[in-house]
Asks: 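Starting off with a structure, shown below.
One-based numbering along the sequence shown. In each ligand, atom 1 is the first atom listed, and ligand 1 is the first ligand listed. Side chains included, hydrogens not; waters and symmetry mates left out as well; all remaining heavy atoms used.
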Amino acid sequence: MAEARKTKKTGGAGERAAAKTKRAAAKRMPPFPAERFAGTVKLDEPLARHTTFRIGGPAAVHFTPASAEAAAAAVTWAREHGVPWLVLGLGSNVLVRDGGFPGLVLKIGKGLDALSHRAETWKVGAGLPLPLLARRTAEAGFSGVQRLVGVPGTVGGGVFMNAGAHGQDFAAVLISATILTPEGEVADRPRKAIPFAYRRSGLDAHVVLGCALRLQKDAPERVTADLAMVLKKRREGTPFDQPCCGSVFKNPEEMTAGRLVDRCGLKGRRVGGAEISSLHANYIVNRGNASADDVLKLIDVARTAVFKEFGIELELEVKVLGEAK
Ligand SMILES: Cc1cc2nc3c(=O)[nH]c(=O)nc-3n(C[C@H](O)[C@H](O)[C@H](O)COP(=O)(O)OP(=O)(O)OC[C@H]3O[C@@H](n4cnc5c(N)ncnc54)[C@H](O)[C@@H]3O)c2cc1C
């Protein structure tokens with residue numbers, strides 16, 4: 001996505017100088033013509049307010065479009081003016097660096113969160129939270145996404161990440177996704193044209209605006225009981241109520257990332273306000289005042305230890321975005 005090119009590692013004086021130059025360039029960013037686009041605009045908005053980690057510096061412009069057309073128009077404006085942009089849902093799989101994002105953050109949420117169905121085909125807006133999708137479909141007696149109830153993201157982020165839990169994921173139920181292409185066009189892309197893999201869709205540089213899902217008719221009591229069972233497991237086995245980003249690392253083939261980090265004796269290890277959860281070692285939690293820098297240092301500690309102990313290089317599941325301070 002556009003942000004991938006903008007993302008950089010934290011580091012020494014050279015990097016800090018580069019970050020400063022970028023911020024100065026961002027200050028020269030043309031004013032965002034809010035009156036042209038339906039939606040909510042906030043300037044210099046702290047992204048910590050929009051991530052489940054409660055971490056992240058400010059976005060120069062934070063725009064929540066009220067419609068797909070407004071989203072498309074904002075992206076077109078950014079492209080035409082050479083303004084960097086990125087898309088966020090509920091910010092539940094991101095670590096935004098402390099310097100924030102010197103461009104346009106497009107937040108897909110309210111306004112793009114419709115839900116309807118005809119027989120087993122469900123049409124879902126990208127801004128709908130996954131726990132709501134899971135509950136509403138389960139209560140209507142449809143199976144296929146009820147186990148995503150504990151994934152605190154949006155449908156758009158879920159399709160982009162191929163979110164999955166307890167044997168269900170988007171790749172298994174998607175019929176097609178409505179996407180905004182990098183050229184600013186809205187198109188329907190069928191499932192077979194999306195190269196889904198573990199926690200990825202290959203839709204980089206696209207914005208997911210909605211999707212069609214095929215779910216299975218079932219007894220509402222059975223689907224809601226399944227949902228409740230999964231939620232109970234989650235509450236017991238993960239730091240459900242603490243600020244975090246879910247799994248930090250992807251699971252390698254050999255063993256789960258959580259077990260690898262745990263075997264290195266790292267549960268409870270802290271850097272600043274960031275801590276490897278003592279409940280689940282693949283979660284880093286913000287104990288109240290963690291910076292992105294604290295989390296990145298802790299990630300380094302875990303990766304280095306796992307590599308030394310097992311020779312396995314852990315790959316990040318969380319997306320690291322934005323600029324160093
Ligand atoms: C407590 C907790 C538990 C979790 N458990 C799970 C789990 O079991 N399984 C799992 O898969 N994940 C899990 N996650 C991670 C996360 O919830 C999922 O990856 C979710 O799908 C991210 O959705 P989001 O809207 O929050 O995306 P964001 O975090 O906002 O964004 C994540 C990435 O998706 C991109 N993106 C977001 N919206 C769109 C869009 N509309 N179009 C295109 N790209 C977009 C962003 O640019 C970014 O690269 C968990 C997270 C937490 C905090």
Side-chain angles (χ1 to χ4, degrees), residues 1-4 6-7 47 50-56 59 64-65 68 71 75 84-96 101 104-109 111-113 124-134 145 147-171 177-182 189 194 196 198-211 230-231 233-235 237-251 256 258 277 279-280 282-286 316-322:
M1 154 124 295
E3 77 276 11
K6 297 278 156 194
T7 302
L47 289 173
H50 302 276
T51 65
T52 54
F53 237 145
R54 301 281 169 257
I55 293 173
T64 309
V75 166
W85 62 275
L86 67 83
V87 54
L88 282 185
L90 281 165
S92 63
N93 199 54
V94 293
L95 173 63
V96 179
F101 187 73
L104 169 69
V105 170
L106 190 69
K107 162 123 174 190
I108 303 295
L112 280 164
D113 57 353
V124 197
L128 188 76
L130 288 172
L132 266 182
L133 173 71
V145 288
R147 294 184 166 198
L148 304 183
V149 66
V151 182
T154 58
V155 166
V159 171
F160 181 78
M161 292 297 303
N162 187 20
H166 311 278
Q168 296 183 337
D169 65 16
F170 271 94
T178 306
I179 51 163
L180 179 62
T181 67
R189 186 161 292 184
I194 302 176
F196 279 120
Y198 173 60
R199 298 297 172 261
R200 68 182 311 263
S201 62
L203 287 171
D204 302 57
H206 294 72
V207 179
V208 178
L209 296 169
C211 61
V230 162
L231 206 51
K233 259 196 187 166
R234 290 243 155 186
R235 289 215 162 102
T238 59
F240 204 72
D241 298 324
Q242 283 178 287
C244 67
C245 66
S247 295
V248 173
F249 302 108
K250 293 186 179 181
N251 286 324
T256 66
S277 166
L279 207 54
H280 192 310
N282 198 14
Y283 280 57
I284 291 179
V285 294
N286 175 1
L316 284 183
E317 181 165 321
V318 61
K319 305 276 181 197
V320 181
L321 309 173

Asks: Give the atom numbers and elements of ligand 1 that come within less than 4.0 Å of a heavy atom of Gly153.
Replies: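 Contacts of ligand 1 toward Gly153, numbered from 1: 17 (O), 23 (O), 24 (P), 25 (O), 26 (O).
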Asks: Hey, is Phe53 one of the residues with a heavy atom under 4.0 angstrom from ligand 1?
Replies: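 The answer is no, since Phe53 has no heavy atom less than 4.0 Å from ligand 1.
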Asks: With a cut-off of 4.0 Å, which atoms of ligand 1 are near a heavy atom of Ala165?
Replies: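 Matching atoms, with element in brackets: 8 (O).
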Asks: Do Val105 and Leu47 have side chains that get closer than 4.5 Å, going by heavy atoms?
Replies: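 Yes - at least one pair of side-chain heavy atoms lies under 4.5 Å apart.
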Asks: What atoms of ligand 1 come closer than 4.0 angstrom to any heavy atom of Val207?
Replies: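 Heavy-atom distances to Val207 below 4.0 Å select 42 (N), 43 (C).
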Asks: Check whether any side-chain heavy atom of Val208 sits under 4.5 Å from a side-chain heavy atom of Thr178, and report yes or no.
Replies: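 No, side chains not in contact.
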Asks: For ligand 1, is there an atom lying under 4.0 Å from some heavy atom of His206?
Replies: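 His206 counts as a contact of ligand 1 under the 4.0 Å cut-off.
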Asks: Give the atoms of ligand 1, by number and element, whose distance to some non-hydrogen atom of Val94 is under 4.0 Å.
Replies: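 Contacts of ligand 1 toward Val94, numbered from 1: 29 (O), 31 (O), 32 (C).
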Asks: Answer yes or no: does an N/O atom from Gly91 fall short of 3.5 Å to an N/O atom of ligand 1?
Replies: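 Yes - when backbone and side-chain N and O of Gly91 are compared with those of ligand 1, one distance drops under 3.5 Å.
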Asks: For residues Phe101 and Leu321, determine if any side-chain heavy atom of one lies less than 4.5 Å from a side-chain heavy atom of the other.
Replies: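 In short, these two side chains do not touch, never coming nearer than 4.5 Å.
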Asks: At less than 4.0 angstrom from any non-hydrogen atom of Lys319, what atoms of ligand 1 do you find?
Replies: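 Checking each atom against Lys319, I get 49 (O).
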Asks: Flag Ser92 as yes when one of its N or O atoms lies below 3.5 Å from any N or O atom of ligand 1, and as no otherwise.
Replies: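 Right, the criterion is met.
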Asks: Would you check if the side chain of Asn162 reaches a backbone N or O of Ser201 as a donor-acceptor pair within less than 3.5 Å?
Replies: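 Not at all, since once roles are kept as given, no pair shorter than 3.5 Å links the two residues.
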Asks: How does Leu88 reach ligand 1, if at all, at less than 4.0 Å between non-hydrogen atoms: by side chain, backbone, both, or neither?
Replies: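 Looking at Leu88 and ligand 1, atoms from backbone and side chain both fall under 4.0 Å.
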Asks: Does any N or O of ligand 1 fall below 3.5 Å from an N or O anywhere on Val208, backbone included?
Replies: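 Yes; the residue has a nitrogen or oxygen that sits under 3.5 Å from a nitrogen or oxygen of the ligand.
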Asks: Would you call Ile108 and Val207 a side-chain contact if the rule is heavy atoms closer than 4.5 Å?
Replies: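 In contact.
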Asks: Search all heavy atoms of Thr238 against all heavy atoms of Tyr283 and return the closest pair with its distance.
Replies: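 Of all heavy-atom pairs spanning Thr238 and Tyr283, the closest is CG2-OH, 3.5 Å.
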Asks: What are the atoms of ligand 1, with element, lying closer than 4.0 Å to any heavy atom of Gly158?
Replies: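 Heavy-atom distances to Gly158 below 4.0 Å select 21 (O).
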Asks: Is the shortest heavy-atom distance from the side chain of Leu90 to the side chain of Pro129 under 4.5 Å?
Replies: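 A side-chain contact under 4.5 Å exists here.
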Asks: Give the atoms of ligand 1, by number and element, whose distance to some non-hydrogen atom of Thr154 is under 4.0 Å.
Replies: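 Near Thr154, meaning under 4.0 Å from one of its heavy atoms, ligand 1 has 23 (O), 24 (P), 25 (O).
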Asks: Does Cys244 approach ligand 1 within less than 4.0 angstrom via side chain, backbone, both or neither, non-hydrogen atoms only?
Replies: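 The part of Cys244 near ligand 1 is both the backbone and the side chain.
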Asks: Apply salt bridge (Lys or Arg N to Asp or Glu O under 4.0 Å) to Lys233 and list each qualifying residue two or more places apart in sequence or on a separate chain.
Replies: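 None.
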Asks: To which of Ala71, Gly125, Pro131, Gly157 does the heavy atom nearest atom 37 (C) of ligand 1 belong?
Replies: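 Going through Ala71, Gly125, Pro131, Gly157 one by one, Gly157 has the nearest heavy atom to atom 37 (C) of ligand 1.
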Asks: Tell me the nearest of Thr238, Val248, Val87 to atom 36 (N) of ligand 1, using heavy-atom distances.
Replies: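 It is Val87 that holds the nearest heavy atom.
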Asks: Is there a side-chain contact between Val159 and Leu203 in this structure, where contact means two heavy atoms from C-beta onward sitting under 4.5 Å apart?
Replies: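 Sidechains of Leu203 and Val159: in contact.
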Asks: Gly150 versus ligand 1: do any nitrogen or oxygen atoms come within less than 3.5 Å of each other?
Replies: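 It does not: no N or O of Gly150 is found under 3.5 Å from an N or O of ligand 1.
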Asks: Using atom types as modelled and distance alone, determine if a side-chain donor or acceptor of Asn286 lies under 3.5 Å from a backbone N or O of Phe53.
Replies: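 Side chain of Asn286 to backbone of Phe53, a donor-acceptor pair under 3.5 Å: yes, one is there.
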Asks: Indicate yes or no: at least one non-hydrogen side-chain atom of Leu95 is less than 4.5 angstrom from one of Cys245.
Replies: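 When only atoms from C-beta onward are counted, Cys245 and Leu95 do not touch, as no gap falls below 4.5 Å.
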Asks: Below a 4.0 angstrom heavy-atom separation, can you tell me which part of Arg234, side chain or backbone, both or neither, approaches ligand 1?
Replies: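 For Arg234, the contact with ligand 1 is made by the side chain alone.
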Asks: Who gets closest to atom 9 (N) of ligand 1 by heavy atom: Ala163, Gly164, Gly156?
Replies: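 Considering heavy atoms of Ala163, Gly164, Gly156, the nearest to atom 9 (N) of ligand 1 sits in Gly164.
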Asks: Taking distance alone, with no angle check, do Asn93 and ligand 1 share an N/O pair under 3.5 Å?
Replies: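 Yes; at least one N/O pair falls below 3.5 Å.
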Asks: Name the option, out of Val151, Leu209, Leu90, Leu148, that contains the heavy atom nearest to atom 6 (C) of ligand 1.
Replies: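 Comparing heavy atoms across Val151, Leu209, Leu90, Leu148, the nearest one to atom 6 (C) of ligand 1 lies in Val151.
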Asks: Can you list everything that forms a side chain to side chain donor-acceptor pair (under 3.5 Å) with Arg234? Sequence neighbours excluded, please.
Replies: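 Per chain and number, Arg234 pairs via side chain to side chain donor-acceptor pair (under 3.5 Å) with His166.
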Asks: Show the atoms of ligand 1 that are less than 4.0 angstrom away from any heavy atom in Thr52.
Replies: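 Heavy-atom distances to Thr52 below 4.0 Å select 53 (C).
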Asks: Please answer whether the main-chain N or O of Phe249 pairs with a side-chain N or O of Asn282 as donor and acceptor at a distance below 3.5 Å.
Replies: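 Between the backbone of Phe249 and the side chain of Asn282 there is a qualifying donor-acceptor contact (under 3.5 Å).
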